[in-house]
Amino acid sequence: MKFEESRRLRELPPYLFAEIDRIIRKKRSRGIDVISLGIGDPDIPTPEGIVRKLQKAAENPENHRYPSSYGLDYFKEAVAEYYMKRFKIKLDPETEIISLIGAKEGIANISYVFIDEGDYALIPDPSYPVYSIGTVFAGGRIYSMPLKEENNYLIDLDGIDKKIARKAKLMHINYPNNPTSAVCSSDFFEIIVSFAEKNNIIVCHDNAYADTYFGSSKPCSFLNADGAKDVGIEFYSLSKTFNMTGWRIGCAVGNKEIISSLGKYKTNVDSGVFNAIQYAAAEAFKNYEKYSRNNNIIYKKRRDMTASILDNIGIDYYTSNATIYIWAKVPEGYTSRSFAELVLNKADVVVTPGSSYGKQGEGYFRISLTIEDARLEEALKRIKDSL
Ligand SMILES: *Cc1c(COP(=O)(O)O)cnc(C)c1O
């Protein structure tokens, strides 16, 4: 028998990390100590109070049955309470909030909700790969919006082709940004809102790093912009904020028609999030300050240490007070790929080549701070010695 993958799988862009993955596996099988600064997956455990809540809720047989695709009222009320306290945004739990099996699920599925064959989605470059892949899976076309350092990695809306803008169905944005770590103000979101209104484009803002910051100014929500609820939604992820990447829970909030359409789609492809996990996530939202504070202290310390070692090596990086990443320039004479390969071969350290996030990422690499202080320091020392 011949198993031919669907066109959408066959036509996936080449995965730069596959080759690196192969080299890591080979090295590890030979007993070599490879340190990965590649993946954004918190090394710190989920706070105990959240785990306890899951344990308790898991013991209740009422939680063993199918959940609702839209989420438990208790969970959605906790999200609304959080949005009010954290961003001063009022949300109706009934119509303006939906649970997700992680933000990634919502981001991937939103394309199937609004994109038809040939429809355009406006996508930042570089960016989290799911925006593009979701679009292509749904048969849509990608129009890239370059993020440039000289523009502090904000989108240059004037640079978008006017004809495409008028035709485009959806726009993905993400601040604090992965991979560049850039942040934006609500003024910038307001510019996005007027652009979206003018061109009739749905905005999907990915706020996965809303609560991962070290400075005195907190990142804002897309919904802080006037009129944002008329044009879009925001994805919130508990993964990075509360070290819950393995739990698979997140939510989308904002425009009720968009939320309702997403729910309509989801009812047909999944059956929601395990109720016990929703209770645990509600506990996280209710005490978000307590549960996220420790993380940000740890990441700040790691960020400062990394910055000072990079300064010492003479590697340039973008300065930001948010996310769990450092976005740095590869030294003269290297490409993203050749630098990642050099570091892997000579230092046994994995960094993510910037080009795996899009064309504009070429010339950069990303360091993730989700690794124990001593290992991070060891990895950076090894990079230094390899140059
Ligand atoms: C990690 C990450 C996500 C994934 O969030 P989950 O809730 O774990 O699915 C989404 N967007 C960005 C930008 C991320 O970095």
Side-chain angles (χ1 to χ4, degrees), residues 17 36-44 46 50 71 75 79 82 97-111 121 123-135 145 147 153 155 170-184 203-213 219 221-222 232-254 262 266 269-270 272-274 277-278 280-282 284-285 288 291-292 295 299 320 322-327 352 354 356-358 360-361 366-371:
F17 238 99
S36 177
L37 307 180
I39 298 175
D41 186 358
D43 57 307
I44 311 154
T46 307
I50 302 173
F75 169 76
V79 174
Y82 161 82
I97 301 174
I98 186 168
S99 63
L100 298 172
I101 311 168
K104 185 179 186 175
E105 177 259 298
I107 294 165
N109 279 336
I110 199 73
S111 298
I123 295 171
D125 175 2
S127 66
Y128 181 62
V130 187
Y131 315 136
S132 302
I133 298 199
T135 303
M145 306 182 290
L147 305 184
Y153 297 110
I155 297 160
L170 210 106
M171 176 188 225
H172 288 279
I173 55 172
N174 164 226
Y175 296 96
N177 183 260
N178 176 12
T180 67
S181 78
V183 286
C184 78
V203 179
C204 295
H205 177 241
D206 181 353
N207 213 352
Y209 297 94
D211 289 297
T212 313
Y213 59 90
S221 162
F222 174 62
I233 59 168
E234 174 161 286
F235 295 107
Y236 187 91
S237 167
L238 288 93
S239 290
K240 316 302 183 345
T241 311
F242 305 111
N243 311 323
M244 290 175 73
T245 46
W247 294 57
R248 310 316 304 137
I249 182 161
C251 58
V253 305
L262 178 57
K266 278 171 61 59
V269 297
D270 69 59
V273 179
F274 180 28
I277 291 180
Q278 292 191 57
F285 276 123
Y288 72 94
Y291 291 135
S292 62
N295 267 9
Y299 289 135
S320 156
T323 80
I324 51 179
Y325 307 112
I326 297 211
W327 183 244
T352 316
S356 52
Y357 301 97
Q360 300 293 330
R366 194 193 75 176
I367 290 173
S368 168
L369 302 173
T370 52
I371 180 164

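Because only heavy atoms are used, hydrogens play no part in the values below, and waters and symmetry mates are left out as well, while side chains stay in. For ligands, and for the atoms within them, numbers begin at 1 and follow the listed sequence. Quick note: residue numbers are just sequence positions, from 1.
Every ring pair (Phe, Tyr, Trp, His ring centres under 6.0 Å) that Tyr175 has, sequence neighbours left out, goes to Phe188. The side-chain contact (heavy atoms from CB on, under 4.5 Å) check on Ala280 picks up Ile50, Lys53, Leu54, Trp247, with sequence neighbours excluded. With sequence neighbours left out, the side-chain contact (heavy atoms from CB on, under 4.5 Å) criterion links Ala121 to Ile115, Ile123, Thr135, Leu170.
Note: Phe222 and His205 have tilted aromatic rings, judged against thresholds of 30 and 60 degrees for the angle between ring planes.
One finds no salt bridge joining Glu105 and Arg248 here, because no Lys/Arg side-chain nitrogen approaches an Asp/Glu carboxylate oxygen to under 4.0 Å.
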Between the protein and ligand 1, are there any N or O atom pairs that come within less than 3.5 Å of each other, and if so, what are their names and distances?
residue  : atom   : partner : partner atom : Å
ligand 1 : 5 (O)  : Ser237  : OG           : 3.3
ligand 1 : 7 (O)  : Ala103  : N            : 2.8
ligand 1 : 7 (O)  : Ser237  : OG           : 2.7
ligand 1 : 7 (O)  : Ser239  : OG           : 3.3
ligand 1 : 8 (O)  : Ser239  : OG           : 2.6
ligand 1 : 8 (O)  : Arg248  : NH1          : 2.9
ligand 1 : 9 (O)  : Ala103  : N            : 3.1
ligand 1 : 9 (O)  : Lys104  : N            : 2.8
ligand 1 : 9 (O)  : Arg248  : NH2          : 2.7
ligand 1 : 11 (N) : Asp206  : OD1          : 3.4
ligand 1 : 11 (N) : Asp206  : OD2          : 2.6
ligand 1 : 15 (O) : Asn178  : ND2          : 2.9
ligand 1 : 15 (O) : Tyr209  : OH           : 2.6
ligand 1 : 15 (O) : Lys240  : NZ           : 3.2

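A donor-acceptor pair shorter than 3.5 Å can be found between the side chains of Asp211 and Tyr236.
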